[in-house]
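Quick notes on the structure that follows.
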Amino acid sequence: MFSQWQLRAAFAHRLSEMYGREVPAYTTLVDVSREVNEDVLRAEGAGAERLGSISRVTAERHGAIRVGTPDELNQVARIFGALGMRPVGFYDLREAASSAVPVVSTAFRPVDAEELARNPFRVFTSMLTPADPRFFDTELRERLERFLAERQLFPPELLALADRAEAEGELPDAEAGRFLHLAVRAFELSTEPLDQGWYETLERVSAVAADIGGVRSTHINHLTPRVLNIDELYRRMTERGVTMIDTIQGPPRWDGPDVLLRQTSFRALAEPRPMRSADGQVTSGALRVRFGEVEARGIALTRQGRALYDDLLTRIDDRAAKDGGDRQEIARALWEEKLPATERELAASGRAFFTYHPVPGRPRDGSPPPAGLAELLDQGWVEARPIVYEDFLPRSAAGIFQSNLSDQGSRNDSHSAVRYDSDWLSGAVGREVLDPFSLYERQQNRSLEQVARDLDLPGPPTA
Ligand code: OOG
Ligand code: NI
């Protein structure tokens with residue numbers, strides 16, 4: 001029998017093998033990531049594993065896929081549901097990107113701490129928004145929706161096996177093998193000739209729209225290993241002659257605690273794709289659609305901490321626009337000014353999430369524990385362990401999208417946007433899109449309740 005987490009781990013592994021075969025530069029990225037992680041572990045010892053065991057981090061991947069319709073998104077949710085992955089977070093890339101990125105997104109991932117520890121595989125999943133008149137006029141919208149309605153991304157057999165795995169929580173070996181085979185195949189790059197005229201029509205609006213709606217299939221467009229020192233990884237990849245995008249997205253490098261998520265990537269490489277021209281002839285063209293990305297994960301921020309992060313991003317923009325200068329330098333200076341410099345201060349100011357645990361061996365002198373969290377920490381009754389950020393960042397995601405567009409595309413801002421939000425997306429997915437902050441908060445609260453029970457406190461300690 002394969003339980004859901006075993007299916008998830010096996011799927012991530014097989015997908016990684018497939019992607020490595022098809023996109024060799026990805027294999028280089030995985031190799032260099034492993035080397036960097038081993039070096040960090042050697043240099044820092046147990047401290048290197050503060051945000052995840054080395055076995056988790058080594059196996060850790062996220063992927064990204066893009067679909068065209070609510071129905072397709074709903075099917076994706078069934079496949080990932082079989083792997084114990086739920087939709088978490090709503091991302092509106094239309095607003096976060098300056099070029100034409102007509103999608104809204106969520107991420108499928110495990111949500112329980114034990115499940116994340118077993119295998120944290122997650123997939124950033126975007127859905128095209130043909131109804132947004134800033135990108136698509138009525139005629140193109142109708143043509144696009146008709147094209148999308150006619151294609152089938154996932155074979156019925158795959159969906160039936162997915163439903164069974166979700167309902168029963170597991171699959172027998174033979175069915176698991178079949179499910180994994182079909183699931184990986186659904187995300188391979190198709191060799192079917194694409195309609196060149198149609199693809200180019202969409203490309204004029206947005207390369208993302210063409211990648212999604214210009215073909216009859218979907219594909220995984222990147223797979224991202226996790227690294228413990230992304231600055232070092234960036235340096236080593238460059239040394240190996242791989243051209244990386246010119247920045248690391250997200251927080252800057254600094255001496256304080258790592259928070260949220262830092263990401264960088266190399267540009268999609270041109271890959272041969274058969275194309276059918278208007279006269280029916282098939283020729284060999286080339287498209288740049290699949291790329292490589294790598295990420296370093298830090299501590300999850302509370303709503304308050306996140307508001308600070310978003311505010312700092314705006315200030316970086318303002319300062320860079322006003323005074324010019326290197327964004328990384330500006331960011332680092334602002335970070336040093338505004339962000340708590342230690343985990344302890346992050347916790348005390350309520351800006352980041354931690355789980356709290358009684359320190360074994362207390363009480364030493366028989367005195368009762370204090371009631372407040374700060375005192376419990378200061379007097380060594382309780383220790384805080386950071387909760388790692390398991391989600392994505394809209395600005396960074398937009399940056400990743402954009403770094404792979406050679407053309408801005410077009411968008412007509414005289415039309416007003418169609419509104420999408422988390423509730424709308426829940427309806428489309430057919431299941432509740434969970435709020436990431438609530439998930440972290442629940443985990444933190446549970447640990448505080450456990451502290452109260454273990455130390456015989458009248459109630460969970462508060463900051
Ligand atoms: C998704 C880009 C976002 C990330 O890591 O922020 C992303 C895409 O290119 O489809 O994967
Ligand atoms: Ni990504």
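Quick note: residue numbers are just sequence positions, from 1. As the structure lists them, so they are numbered: ligands from 1, and atoms in each ligand from 1. Treat the numbers as computed from the prediction; the structure is a model and nothing was measured.
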Review point. Which of the listed options, Gln402, Arg122, His222, holds the heavy atom that is closest to atom 11 (O) of ligand 1?
Key: His222
Exercise for review: Could you point out which residue of Arg419, Arg395, Arg134 forms a salt bridge (charged side-chain N to carboxylate O under 4.0 Å, His left out) with Glu95?
Suggested key: Arg134
Check your understanding: So, is Glu295 placed with an N/O/S atom under 2.8 Å from the Ni ion (ligand 2), counting both backbone and side chain?
Key -> no
Review point. Does the cation-pi check pass for Arg185 over Phe179, that is, NZ or CZ under 6.0 Å from the six-membered ring centre and within 45° of its axis?
Key: no
Check your understanding: Counting only heavy atoms, which portion of His62 has something under 4.0 Å from ligand 1: side chain, backbone, both, or neither?
Key -> side chain
Review point. Stepwise, does the side-chain hydrogen bond (donor to acceptor under 3.5 Å, both in side chains) test hold for Tyr440 with Asp391?
Key: CA-CA 11 Å; Tyr440 299 122; Asp391 295 287; 2.5 Å; yes
Check your understanding: Mind checking whether Ser396 has an N or O less than 3.5 Å away from an N or O of ligand 1?
Key -> no
Review point. Under 4.5 Å between any side-chain heavy atoms of Arg319 and Arg327, yes or no?
Key: no
Review point. Run the salt bridge (Lys or Arg N to Asp or Glu O under 4.0 Å) check on Arg262 and Glu295 step by step: do they pass?
Key: CA-CA 6 Å; Arg262 301 180 70 208; Glu295 67 189 12; over 6 Å; no
Point to revise | For the Ni ion (ligand 2): the N/O/S atom of His62 at shortest distance | key: NE2
Check your understanding: Do Ile65 and His219 have side chains that get closer than 4.5 Å, going by heavy atoms?
Key -> no
Review point. Is Arg240 salt-bridged to Glu35, cutoff N-O under 4.0 Å?
Key: yes
Review point. Is any side-chain N of the basic residue among Glu44 and Arg50 closer than 4.0 Å to the acidic one's carboxylate O?
Key: no
Review point. Which protein heavy atom lies closest to atom 9 (O) of ligand 1, and at what distance to 0.1 Å?
Key: Arg66 NH2, 2.8 Å
Practice item. Please find the N/O/S atom of Glu293 nearest to the Ni ion (ligand 2) and write down its name. Key: OE1
Practice item. Check each heavy atom of Asn221 against ligand 1 and say whether those closer than 4.0 Å belong to the side chain, the backbone, both or neither. Key: side chain
Review point. Just heavy atoms, cut-off under 4.0 Å: does Tyr91 contact ligand 1 by side chain, backbone, both, or neither?
Key: neither
Review point. Considering only heavy atoms, does Ala397 approach ligand 1 within less than 4.0 Å through its side chain, its backbone, both, or neither?
Key: both
**Study point:** Gln249 to ligand 1, any heavy atom closer than 4.0 Å
**Key:** no
